[in-house]
Number of protein chains: 2
Amino acid sequence: MSAAAGGEDGQHAPSRSPSLRERNREAVVDADAVVVDGDEPPSARVPLSRERIIEAAIAYIDEHGLPGLTMRRLGTTLGVEAMSLYRYVAAREDLLDAVVETLVDEMERDADVITSPEHGWQDFLQRLAHGVRRIALSHPQAFPLVASRPAEAPWLRPPLRSLRWVETFLAGLHAEGFGDEAAVAAYRAFTSFLLGHLLLEVSALGADVGPLDILSDSDDKSLEPYAHVRRLAPFLKEDHSAVEFEEALENLLDRVDLIRTEEHRSS
Amino acid sequence: MSAAAGGEDGQHAPSRSPSLRERNREAVVDADAVVVDGDEPPSARVPLSRERIIEAAIAYIDEHGLPGLTMRRLGTTLGVEAMSLYRYVAAREDLLDAVVETLVDEMERDADVITSPEHGWQDFLQRLAHGVRRIALSHPQAFPLVASRPAEAPWLRPPLRSLRWVETFLAGLHAEGFGDEAAVAAYRAFTSFLLGHLLLEVSALGADVGPLDILSDSDDKSLEPYAHVRRLAPFLKEDHSAVEFEEALENLLDRVDLIRTEEHRSS
DNA sequence: ACCTGAACACCGTTCAAGT
DNA sequence: ACCTGAACACCGTTCAAGT
């Protein structure tokens with residue numbers, strides 16, 4: 001049924017992606033400027049580096065999907081044989097871990113995300129949530145990795161799965177007067193809210209435009225037994241992800257507020 | 001870092017799994033009893049079937065993880081060459097789709113899940129939620145597939161991603177007096193709540209027992225800059241997944257109640 | 001110091017051939 | 001009708017060898 005679609009993507013991947021190449025070159029030039037500061041051979045081949053490989057991997061996943069990412073194809077993309085990559089990454093698995101880490105850290109360079117509350121904890125959490133959402137939406141193919149890679153510890157919950165972000169989160173709430181248990185409870189609620197929404201949003205983006213999508217305009221026989229689905233099709237097809245996100249975020253903030261004040265009473 | 005762990009699992013998979021074999025045999029005998037009804041050759045080799053393959057695939061993923069599942073190894077598990085599988089499944093991708101479908105339909109055989117409300121919609125949704133949770137927890141390695149396989153349509157949201165379950169959901173709420181938009185909004189809220197919680201719970205189960213897990217008992221130098229994480233470690237390490245789930249479910253039901261009554265006022 | 005050729009053990013998948 | 005042998009094009013990964 002859906003096999004044909006799936007079988008396709010693992011095969012040929014013509015690597016015509018000028019923008020990718022440019023981005024890499026740019027990134028490396030930046031790095032050199034900082035480190036070597038002025039004596040790089042002018043027209044020499046840009047050398048490989050871990051960062052360059054990871055960036056290329058993210059770009060490749062964004063363009064061709066995760067299953068399309070192959071050490072050999074990634075090598076070709078970088079103008080190099082696959083074996084060369086192993087100087088910088090231990091294995092494909094290691095590369096995928098690095099991709100997740102880089103994605104999560106991308107928020108640090110997001111100007112709208114602040115690292116400690118300036119206008120109250122609600123604003124703080126709102127910026128954090130929107131920052132993660134921006135990442136998810138700009139890397140819809142790669143984002144699911146953030147959820148599916150095994151975490152380093154059970155309490156390092158996706159999508160805020162780095163020590164640094166957990167620290168930022170807890171420190172922020174602490175500074176805003178949250179008690180210890182309340183901060184942790186808020187962290188838990190926040191992560192599961194974010195993960196559910198963003199994964200769903202991202203999965204909707206990648207949904208097959210299959211036979212079920214024609215469902216609205218006619219009485220498709222395959223929908224025969226599903227009267228309610230058919231009747232509600234117009235509503236189901238509407239995309240409310242943005243407002244849904246805002247509403248759920250509001251609700252979450254209310255819950256967090258409850259958590260906060262409840263703790264004040266009891267402990 | 002975590003590369004060694006990841007690299008390991010793709011290699012050797014000694015197939016000593018008597019329980020698996022037994023389950024398959026049993027399943028097939030059942031099927032034969034219904035279809036052929038009495039004239040199967042007594043000690044003949046159980047023939048392959050799509051169901052048997054899918055069941056075996058689920059069992060294999062549960063035991064060895066998703067990346068360990070290989071057409072060739074699955075064949076061996078079933079006492080057959082890999083090529084034989086292609087009589088029943090179009091491709092590995094097709095098999096994974098079938099695994100997801102089977103998992104989702106497993107709820108149908110769950111006695112505690114009812115297919116239309118008997119004691120109000122809250123009870124109905126509660127049973128549904130717990131049913132999905134039971135599946136997730138009993139197949140922690142396979143469950144993420146439910147979220148990551150591309151959906152057939154954007155509005156078929158994981159983890160309730162079958163026409164039948166969406167119909168059941170909508171019909172149930174409709175019967176309980178929900179308006180059209182309210183039922184759809186409830187479906188959206190319900191799925192994202194479920195997905196977030198279950199994915200997080202399942203991912204915690206599979207978390208590496210790595211160096212970060214020792215974090216509590218000593219002042220690990222790697223935690224130096226993370227004062228709050230270190231201080232809150234005792235709280236972070238506590239596992240509250242069950243109560244967390246119940247609380248979030250309660251909250252969701254409250255929200256759904258709001259959605260329901262709001263619609264009554266406006267439309 | 002950085003990259004590659006050649007090789008190994010594995011993959012998914014096809015198809016003509018066996019029983 | 002059902003399964004397999006042989007083959008193909010692809011993988012990840014290692015390591016000795018090239019520059």
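Only this structure's heavy atoms are used, side chains among them; waters, hydrogens and symmetry mates stay out. In this text the structure is predicted, and so the values were computed from the model without any measurement. Within every chain, numbering begins at 1; the chains are lettered A, B, ... in the order of the sequence lines, protein sequences first and strands thereafter.
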Grab the [atom1]-[atom2] distance between [X] and [N] for me, whole Å please.
X	N	atom1	atom2	answer
A:M71	C:dC3	CE	P	14 Å
B:L78	D:dC3	CG	P	10 Å
B:M83	D:dA6	CE	P	10 Å
B:L48	D:dT4	CG	C1'	13 Å
B:R72	C:dA9	CZ	P	14 Å
A:L69	D:dC11	CG	C1'	12 Å
B:R73	C:dG12	CZ	P	8 Å
B:L95	C:dT13	CG	C1'	14 Å

Value rounded to 0.5 Å, distance of [atom1] in [X] from [atom2] in [Y]:
X	Y	atom1	atom2	answer
A:S148	A:F143	OG	CZ	10.5 Å
B:L200	A:L195	CG	CG	5.5 Å
B:L223	A:L163	CG	CG	6.0 Å

Subject >> Side-chain donor-acceptor contact under 3.5 Å, B:Q141 with B:H64 >> reply: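 Distance-only check fails for B:Q141 and B:H64.
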Original post:
Among C:dC2, C:dG12, D:dC3, which nucleotide sits nearest the side chain of B:T70?
Top reply: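 For B:T70, the side-chain atoms sit closest to C:dG12.
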**OP:** Could you please name the option among D:dT4, D:dT14, C:dC2 that lies closest to any side-chain atom of B:E81?
**Re:**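 For B:E81, the side-chain atoms sit closest to D:dT4.
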Original post:
What is the nucleic acid contact for A:S84, judged by heavy atoms within less than 4.0 Å: base, sugar-phosphate only, or nothing?
Top reply: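 Base: the residue A:S84, judged by heavy atoms under 4.0 Å, touches a nucleobase.
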**OP:** Scan A:R87 against the nucleic acid and name what it touches under 4.0 Å (heavy atoms): base, sugar-phosphate only, or nothing.
**Re:**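 Answer is base: heavy atoms of A:R87 come under 4.0 Å of a base.
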**OP:** Could you tell me whether the phosphate oxygens of C:dA1, OP1 or OP2, come under 4.0 Å of any side-chain nitrogen or oxygen in A:Y88?
**Re:**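 For C:dA1, OP1/OP2 do not have a side-chain N/O of A:Y88 under 4.0 Å.
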Subject >> Donor-acceptor under 3.5 Å (A:T191 side chain, A:Y187 main chain) >> reply: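 A pair under 3.5 Å: yes.
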Original post:
Just by modelled atom types, is the B:R50 backbone N or O under 3.5 Å from a matching donor or acceptor in the B:R87 side chain?
Top reply: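 No.
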**OP:** Could you run through DNA chain D and flag its stems, i.e. three or more consecutive Watson-Crick or G-U pairs with both distances under 3.5 Å?
**Re:**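 Consecutive-pair runs (3 or more) involving DNA chain D: C:4-8 with D:12-16, C:12-16 with D:4-8.
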Original post:
Is there a side-chain contact between B:L137 and B:L205, using heavy atoms and a 4.5 Å cut-off?
Top reply: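 With C-beta onward as the side chain, the pair touches.
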